[in-house]
Amino acid sequence: MKDQDGVSHFIRTIVMQDLQSGHTNRIVTRFPPEPNGYLHLGHARSIVLNFELADEFGGTTHLRFDDTNPRAEDAIFVQSMIEDVQWLGYRWERLHYASEYFEHMYDCALVLIRKGLAYVDDCTAEQIRAQRGTLSEPGIDSPYRNRTVEENIALFSAMRAGAFADGAKVLRARIDMRAPNINMRDPVLYRIAHEAHHQTGTQWCIYPMYAFAHPLEDALEGITHSLCTVEFEDQRPFYDWVVRSCEMPHVPKQIEFGRLNVTHTVMSKRKLRAIVQSQEVDGWDDPRLPTLSGMRRRGIPPEAIVSFVKQTGLSKSNGVADIKMLEHIVREQLQLRTPKTMAVLDPLRVIITNYPEGTIEWIEGEYNSDNPSLGSRRIPFGRELFIERDDFLLDPPASFYRLGIGREVRLRHAYFVRCHDVVYDDDGSITALLCTYDPETKSGSGFTGRKVKATIHWVEASHAMPATFALFDHLLDEHADDHDDVRVLPTSRTSTQGYVEHAMADAPIDTRFQLLRHGFFIRDAKVPDQTIYHRIVSLKSSYPK
RNA sequence: UGGGGAUUAGCCAAGCGGUAAGGCAACGGACUUUGACUCCGUCAUUCCCAGGUUCGAUCCCUGGAUCCCCAGCCA
């Protein structure tokens, strides 16, 4: 049971077993982000997993905002998350907010109180922490642990009614302060926060904690498999305790999987925020960031992200995938879909001395010979051109196939040209190349008289469209996740001024191109009035540097 | 030194008692109007280590090592 580019994994196995054994007859999953930031590649793994798994077995998936902490959340994140999930290509059957269930959760808390399984604690956060014990020592009971049910109900109602200040009281589960699993030492269920909520306004001044709310949300929605990352594993006993103690009719199953990390970048929300706040990048959608909005602005197709997530597989270990794998998949996805055009990023003028002045020849050029459906365009050719500065070397070694004095190369789609002289300025730097062309060698003419070692790209000078190119490289050094300092590499973004070929000016702004010998590019849609091309990913190169 | 997890090639990852998939990377070669793409080939006698069970162990048992997570009124 594998899909094309996915790998079989343990959660799929569990789901299949649950279906076969009759434990459940329909799969319901959910993607439950907290709207307190931007979605990134790490979330993409959860999104793909939840949506694809349910879909594979004919089930459904809910998008649910886990909005139990108004101090951290904002409606603007709700909107960006909706856009990001849709952009990846997924459609939810139901959209929910945890806050929809606040009343129901309150009732569940009352159930626990009546069963003697929850109590109102007047201790401060510091006192509670001190009573909790440590990793190796048991905790001690709170002095308020044995209040009567009546007293607890009265106090909890008063908490809801706004009778107490933030932090004055909490509702706690009453389990076991000596439990070896710290999560079972009377965890907090409700805290007081006189804070407006983006969905419920000022209706509430007490809010449930994640550990209490999440299992209830899952149970209420009929979620069969509640998938989360491994750091929640030791919270599973409490998850099950909540479902059981609140006597929820539906019992969801929590399953944990390993986080997805990628070399040369970070997925931690904290570190991402630090980078954005450092002003070293252009906001949350900076094309260098692993945020979905950043990757979208970068021009990475959503299909590539989905494919990457599937191809990296899924296990319980927290692995670090090589970013080269992502880059490979992006190239693979773009290879056949993009028109291949020419642009010069670092221009060097070339004068074809034997080509008539004032003449422009229009050459028909196929956009992508591996995908003829992309059609063709007309390319102007004339006496003055631009080529890439590093396609010429004054004293080229034998391993350099391109231009040098006396050397001949093919101009893609056009003619062979041979360089015979160099023009310098007063500083001694090269300002132009003088070349001759051979009319016999026109592309498509079938000329086979002699061979040339290289084909280079070019742009005719009088029709060249000026453009800025933003070239992106690794955001951080290879193992950035290992240390706390997240210094953005200065090489992560460089830019150059150059020219693109005539035909590119007419393309829709979201057109992705393969710029011959440079890589895949797309216009920066955030500044449509400027002509800035983002390099999505470079081409591979076997040329020894 | 409490509890919970993880460990298969440089990286990700299949494998579920019958003799180590696949992808990325790397390295050779072919092809080439992109030093791209494509194609062909190479790349774990061994699965963290040590014992044990078995005709047979990456899979089962015992012991050990290393790494990750948990002491928010965050999620």
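Throughout, protein chains are lettered first and strands after them, A, B, ... in sequence-line order, and every chain is numbered starting at 1. Below, each value reflects all heavy atoms present in this structure, side chains not excepted, and no hydrogens, waters or symmetry copies. These numbers come from a predicted model, not from an experiment.
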Q: Could you check whether A:Cys123 gets within reach of a base, just the sugar-phosphate, or nothing at all, counting any heavy atom under 4.0 Å?
A: base

Q: Between A:Phe232 and A:Tyr239, is the ring centroid distance below 6.0 Å?
A: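 No, too far apart.
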
Q: Given B:G5, B:G35, B:C70, which nucleotide is nearest the side-chain atoms of A:Ser541?
A: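 For the A:Ser541 side chain, the nearest candidate turns out to be B:G35.
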
Q: Just call it for A:Ser369: base, sugar-phosphate, or nothing, with non-hydrogen atoms closer than 4.0 Å on any strand.
A: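 No contact at all - A:Ser369 keeps every heavy atom at 4.0 Å or more from the nucleic acid.
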
Q: In whole angstroms, how far is the C1' atom of B:U33 from the CZ atom of A:Arg412?
A: 5 Å

Q: Atom CZ of residue position A:Arg145 - does it have more than 12 heavy atoms of other residues, nucleotides or ligands inside 6.0 Å?
A: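 Yes, enclosed.
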
Q: Are A:His96 and A:Glu217 linked by a side-chain donor-acceptor pair shorter than 3.5 Å?
A: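 The criterion, which ignores hydrogens and geometry beyond distance, is not satisfied for A:Glu217 and A:His96.
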
Q: So, under a plain 3.5 Å distance rule, would you say the side chain of A:Arg236 forms a donor-acceptor pair with the base of B:G4?
A: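 Such a pair does not exist between side chain and base.
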
Q: We want to know whether A:Tyr38 and A:Asp84 form a side-chain donor-acceptor pair, criterion being a heavy-atom distance below 3.5 angstrom.
A: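 Note: A:Tyr38 and A:Asp84 side chains miss the donor-acceptor criterion.
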
Q: What is the nucleic acid contact for A:Thr134, judged by heavy atoms within less than 4.0 Å: base, sugar-phosphate only, or nothing?
A: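 Base contact.
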
Q: Within the modelled atom types, does a donor on one side and an acceptor on the other bring the side chain of A:Asp234 and the base of B:G3 under 3.5 Å apart?
A: yes

Q: Could you check whether the side chain of A:Ser136 and the base of B:U1 have a donor-acceptor pair of N or O atoms closer than 3.5 Å, going by distance alone?
A: no

